Amino acid sequence: MRPAELYPDDLVYGHEASAATGVPEPVIRKWASRGKIRRYSGDARQYSGHGHEYKTMYALPEIRPLADRYKATPQRAPRAA
């Protein structure tokens with residue numbers, strides 16, 4: 001079964017997943033690299049010529065349960081010299 005058959009309306013690019021869930025895109029990519037969610041091949045031709053090449057898509061139903069538990073970690077400020 002192809003991913004588009006599993007999630008016909010829920011396959012989105014990283015920036016769209018970030019906008020829909022409020023989770024930063026680098027975190028979504030990290031979840032994928034750690035195997036928590038799956039990556040799907042996107043259609044780069046859809047955005048070619050606009051300075052972007054989106055190649056990876058994610059399924060929102062896989063991201064939403066992780067996004068519900070996601071809590072941003074505050075970053076440390078640089079030390080004053």
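A quick note: this is a predicted structure, and the numbers were derived from the prediction, not measured.
- Considering only heavy atoms from C-beta on, Y58 stays 4.5 Å or farther from L11 through its side chain.
- A distance of 4.0 Å separates CD in E62 from OH in Y40, rounded to the nearest 0.5 Å.
- Using a distance-only test at 3.5 Å, with no hydrogens or angles considered, a donor-acceptor pair links the side chain of S33 to the main chain of K30.
- Annotation for I37 and I28: closest pair CD1-O, 3.7 Å, computed over non-hydrogen atoms.
- Side-chain contact between L66 and W31: present, with at least one pair of heavy atoms (C-beta onward) separated by less than 4.5 Å.
- For V12, the side chain to side chain contact (heavy atoms under 4.5 Å, CB included) partners two or more places apart in sequence, or in a different chain, are E16, A17, L60.
- With sequence neighbours left out, T73 forms a side chain to side chain contact (heavy atoms under 4.5 Å, CB included) with no residue at all.
- Every residue two or more places apart in sequence or in another chain was checked for a side chain to side chain contact (heavy atoms under 4.5 Å, CB included) with P65, and none qualifies.
- Residue pairs meeting the salt bridge (Lys or Arg N to Asp or Glu O under 4.0 Å) criterion with at least one partner in residues 63-73, sequence neighbours excluded, do not occur; the list is empty.
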**Study point:** Trace of the side-chain contact (heavy atoms from CB on, under 4.5 Å) decision for M57 with R39
**Key:** CA-CA 6 Å; M57 298 184 86; R39 291 181 178 135; over 6 Å; no
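- With contacts defined as side-chain heavy-atom distances shorter than 4.5 Å, the pair P24/Y70 qualifies.
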